[in-house]
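Notes to accompany the following structure.
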There are 2 protein chains.
Amino acid sequence: MPTTKRTYSRYGLEGLALLGKMIRLGRMQRRLTAQELAERIGVSRSTLQRIEKGDPKVEVGLMFEAAAIVGVKLFDADEKGITALAARTDDRIAVLPKHIYKAGKQVDDDF
Amino acid sequence: MPTTKRTYSRYGLEGLALLGKMIRLGRMQRRLTAQELAERIGVSRSTLQRIEKGDPKVEVGLMFEAAAIVGVKLFDADEKGITALAARTDDRIAVLPKHIYKAGKQVDDDF
DNA sequence: GTAGAATGACCTATATACGAGCCAAATCAT
DNA sequence: ATGATTTGGCTCGTATATAGGTCATTCTAC
């Protein structure tokens with residue numbers, strides 16, 4: 001019995017559905033059959049079906065892998081761009097306090 | 001016994017690591033403790049740790065949910081923008097043949 | 001300084017995603 | 001037209017992600 005039923009926000013689900021569609025479009029543009037792409041990713045065809053549907057329960061690594069193979073750019077950035085962004089993000093984290101303490105008032109000052 | 005050991009491309013892993021960092025940064029900016037964000041997502045703190053590390057084996061839905069809650073945008077688009085993009089993607093898919101057949105020559109004509 | 005909160009790194013049991021297989025429907029090649 | 005291929009939608013068993021702890025460490029508020 002499912003101890004906790006999981007819920008997903010509409011925004012998250014729509015983003016996932018979009019990513020799935022983009023992967024499917026990319027696959028078709030490259031003229032790969034579902035079977036072919038599944039093999040390149042290293043998953044079964046049934047799992048690729050779930051990826052292209054935007055099923056929230058697939059491994060995120062598989063979804064990103066599929067995106068990478070068919071040329072869907074995450075954060076519209078290439079490999080170098082990703083690395084640079086990661087470095088910048090690290091810098092911004094480094095400035096902040098290491099631990100966050102529960103605030104009585106939600107501050108939430110947007111950067 | 002692991003039937004198939006899974007591998008991930010460097011690009012995919014870096015993208016995941018970046019997403020994890022951005023989620024962590026977003027959480028800190030909003031002054032949420034790990035425990036608090038975990039509860040909002042509906043996962044345990046240990047799972048959130050894996051999300052922020054960019055572990056490829058977490059559910060993609062959880063990762064997107066975390067991103068949505070702390071305001072990390074994957075497609076820099078709001079809800080309406082996402083919906084519009086999805087519609088546009090559907091249109092582009094609709095133009096293509098319904099089935100892709102294995103091509104002797106890889107055509108891969110970049111649109 | 002110090003107490004207490006937050007975090008990092010583990011470990012185990014259990015719910016569950018994935019692989020593999022199947023069938024039926026759709027659609028393309030010829 | 002028709003045979004071949006792709007795809008969608010199932011089902012089931014098994015490998016595995018997750019929840020839920022524990023302990024040690026780091027940091028912050030006071």
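Protein chains get the first letters and strands the later ones, always in sequence-line order, with residue 1 at the start of each.
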Practice task
Treating Ile, Leu, Val, Met, Phe, Trp and Tyr as nodes and any side-chain heavy-atom pair under 4.5 angstrom as an edge, say whether A/L25 and A/V72 lie in one connected cluster.
Solution key: no
Practice task
Verify the contact: side-chain N or O of B/K57 to OP1 or OP2 of D/dT18, cut-off strictly under 4.0 Å; return yes or no.
Solution key: no
Problem - Joint cluster assignment, B/V43 & B/V58, ILVMFWY side-chain distance < 4.5 Å - result: yes
Exercise for the section: Look at B/R27 together with B/E52 and state whether they make a salt bridge at an N to O cut-off of under 4.0 Å. Expected result: yes
Exercise for the section: Could you tell me the separation between the CG atom of B/L32 and the C1' atom of C/dA6, rounded to a whole number of Å? Expected result: 13 Å
Exercise for the section: Could you check which residues of residues 44-52 of chain B get a heavy atom under 4.0 Å from DNA chain D? Sort them by number, please. Expected result: B/S44, B/R45, B/S46, B/T47, B/R50
I'd like a table of atom pairs between the protein and nucleotides 28-30 of chain D - only N or O on both sides, under 3.5 Å - with the distance next to each one.
unit_1	atom_1	unit_2	atom_2	d
D/dT28	OP1	A/K98	N	3.2

Problem - CA sep, side-chain torsions, deciding dist, call: A/E36, B/K102, salt bridge (Lys or Arg N to Asp or Glu O under 4.0 Å) - result: CA-CA 9 Å; A/E36 286 172 329; B/K102 258 187 306 200; 5.4 Å; no
Practice task
Return the value, rounded to whole Å, for the distance between atom NZ of B/K53 and atom P of D/dT18.
Solution key: 13 Å
Practice task
For D/dA17, take OP1 and OP2 only and decide whether either is under 4.0 Å from a side-chain N or O of B/R6.
Solution key: no
Practice task
Would you kindly confirm whether B/L13 and A/F64 end up in one hydrophobic cluster when ILVMFWY residues are joined by side chain heavy atoms under 4.5 Å apart?
Solution key: yes
Problem - Candidate list A/M22, A/K21, A/M28, test side-chain contact (heavy atoms from CB on, under 4.5 Å), partner A/R24, passing option - result: A/M28
Handout entry: Nearest-Å distance for atom pair NZ/P, residues B/K102 and C/dA29
Key = 14 Å
Practice task
Would you kindly give the CG-to-P distance between B/L62 and C/dA17, to the nearest whole Å?
Solution key: 10 Å
Handout entry: Cluster link A/V60 to A/Y11, ILVMFWY, side chain under 4.5 Å
Key = yes
Practice task
Could you check how far CD1 of B/I41 sits from C1' of D/dA19, rounded to whole Å?
Solution key: 14 Å
Practice task
Check whether any side-chain heavy atom of B/M63 lies under 4.5 Å from a side-chain heavy atom of B/L16, and answer yes or no.
Solution key: yes
Problem - Length of the CZ-P vector between A/R24 and D/dT7, whole Å - result: 7 Å
Exercise for the section: Check the distance between C/dA17's P and A/L16's CG and give it to me in whole angstrom. Expected result: 14 Å
Exercise for the section: Find the distance B/Q35:CD to D/dT22:C1' and express it as a whole number of Å. Expected result: 14 Å
Handout entry: Step-by-step side chain to side chain donor-acceptor pair (under 3.5 Å) determination, B/Y8 to A/E59
Key = CA-CA 12 Å; B/Y8 304 93; A/E59 289 184 15; 2.9 Å; yes
